[in-house]
Amino acid sequence: MELAVECQKRAEGSKPNALRRSGLIPAVLYGHKGSESISLTIKAKTVEHLLKKHAVNNTLIDLSIPDLSWSGKTLLREVQVHPWKGYPYHLSFFSVATQDSLEVELSLNFVGEAVGVKLEGGILDTVLTQLAVKCKPDSIPEGIEVDISNLKVGDALHIHELVLPAGVVALGEPDQVVVTVLGIQAGSEAEDAEADAAAAA
């Protein structure tokens, strides 16, 4: 899924807080021409809509800057959020047109019901919910399905065991556990350890 977003070039000397008060969010585009960057503004309402639909580092966005006659596919690389008010106050876009491959974060979608949970009374422990991968800019999957139906108590799936779409390469440690099924006793011990840690904090 892609979304079209329009930005404007930021006027030189404009103050970020003044822009925000007028309903504009400062932004920057980089990667379109070597190390050069363009300072932009984007309407706060557009940002609100964008963040409802897209997450950082995982979806292509068609970005256009009419007053510079520039348009192209980008990734939303960073969203800076106000530390206590919680609203976004700066966005960073990265042009992907000249990139052979990209590093993106994909959601892991767990499908099926583990045998160890359904029949053996175990507890499903999802260690990872996102996975960093490398793929071509024009073939970013919306997510990765992870079939957990054959997992028994004590079983685990590791990164190197995931079935990835063609052209997608997982990053990180191949032996990193993605999901496992804990026995009831192991699950209780884990919960007790969490409770002890919370009490000590």
Side-chain angles (χ1 to χ4, degrees), residues 1-109 128-146 159 162-172:
M1 181 176 63
E2 294 182 17
L3 183 70
V5 170
E6 185 176 298
C7 293
Q8 291 77 41
K9 188 176 188 302
R10 194 189 318 173
E12 289 188 22
S14 56
K15 302 295 185 183
N17 286 337
L19 291 171
R20 296 181 190 108
R21 284 193 295 270
S22 66
L24 299 173
I25 305 297
V28 65
L29 169 69
Y30 62 100
H32 65 294
K33 191 184 294 185
S35 60
E36 289 185 29
S37 63
I38 304 174
S39 295
L40 305 168
T41 60
I42 181 171
K43 293 178 181 177
K45 287 288 186 184
T46 302
V47 172
E48 183 181 345
H49 180 63
L50 175 65
L51 297 182
K52 282 180 181 177
K53 300 284 185 180
H54 288 35
V56 171
N57 262 359
N58 77 347
T59 318
L60 287 180
I61 298 165
D62 282 317
L63 188 73
S64 63
I65 312 169
D67 46 354
L68 293 180
S69 299
W70 188 94
S71 64
K73 295 188 183 299
T74 65
L75 275 177
L76 180 59
R77 275 297 195 203
E78 183 182 24
V79 178
Q80 295 179 20
V81 178
H82 193 282
W84 65 86
K85 294 183 179 178
Y87 59 77
Y89 65 88
H90 190 276
L91 276 64
S92 296
F93 295 96
F94 179 70
S95 173
V96 303
T98 60
Q99 308 300 313
D100 293 328
S101 63
L102 293 172
E103 293 183 10
V104 295
E105 295 275 342
L106 299 179
S107 297
L108 297 177
N109 305 315
L128 297 180
T129 57
Q130 288 194 313
L131 181 68
V133 303
K134 181 178 285 189
C135 61
K136 292 183 177 180
D138 59 355
S139 57
I140 303 176
E142 290 194 13
I144 296 173
E145 286 198 351
V146 182
I159 286 178
L162 296 178
V163 179
L164 302 176
V168 175
V169 178
L171 304 175

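Numbering starts at 1 and runs along the sequence shown. For the numbers below, each heavy atom of this structure counts, side chains included, while hydrogens, waters and symmetry mates do not. Source: prediction; values computed, not measured.
When all heavy atoms of Ser14 and Leu19 are compared, the closest pair comes out as OG-CD1, 3.8 Å. Shown here for Leu40 and Lys9, the closest heavy-atom pair between the two residues is CD2-CA, 4.1 Å. Val133 approaches Ala170 most closely through the heavy-atom pair CG1-CA, 4.2 Å. Contact between Pro141 and Leu106 at its shortest, heavy atoms only, is O-CD2, 3.2 Å. The heavy-atom pair separating Leu60 from Pro137 by the smallest distance is CD1-O, 2.9 Å.
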*Just do the side chain to side chain contact (heavy atoms under 4.5 Å, CB included) check on Leu51 and Leu76 with the steps written out, would you?*
CA-CA 10 Å; Leu51 297 182; Leu76 180 59; 3.8 Å; yes
*Could you give me the CA-CA distance, side-chain angles and deciding distance for Leu131 and Leu164, then say whether side chain to side chain contact (heavy atoms under 4.5 Å, CB included) is met?*
CA-CA 11 Å; Leu131 181 68; Leu164 302 176; 4.3 Å; yes
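By the side chain to side chain contact (heavy atoms under 4.5 Å, CB included) test, His49 is found to be paired with Leu3, Lys53, residues two or more places apart in sequence or in another chain being considered. Taking Glu6 as the reference, nothing meets the salt bridge (charged side-chain N to carboxylate O under 4.0 Å, His left out) condition, with sequence neighbours excluded. Taking the side chain to side chain donor-acceptor pair (under 3.5 Å) definition, one finds that Arg10 meets it with nothing, sequence neighbours left out.
Atom CD1 of residue Ile65 and atom CD1 of residue Ile38 lie 4.5 Å apart, to the nearest 0.5 angstrom. Between Leu29 atom CG and Trp70 atom CH2 the span is 4.5 Å, to the nearest 0.5 Å. Rounded to the nearest 0.5 Å, atoms OG (Ser39) and CD (Gln8) are 13.5 Å apart. The CG atom of Leu75 sits 5.0 Å away from the CD1 atom of Ile140 when rounded to the nearest 0.5 Å. Rounding to the nearest 0.5 angstrom, the gap separating the CG atom in Leu108 from the CD atom in Glu145 is 11.0 Å. For the atom pair CG of Leu24 and SG of Cys7, the computed distance is 10.0 Å after rounding to the nearest 0.5 Å.
Panel note: side chain Ser107, backbone Gly143; no donor-acceptor pair is recorded below 3.5 Å.
Ring-plane geometry between His82 and Tyr89 is classed as perpendicular, the angle between the planes exceeding 60 degrees on a 0 to 90 degree scale with a lower cut at 30.
Using a 4.5 Å heavy-atom cutoff, the side chains of Ile25 and Lys43 are not in contact. Between Thr74 and Val5, the closest side-chain pair of non-hydrogen atoms is not below 4.5 Å.
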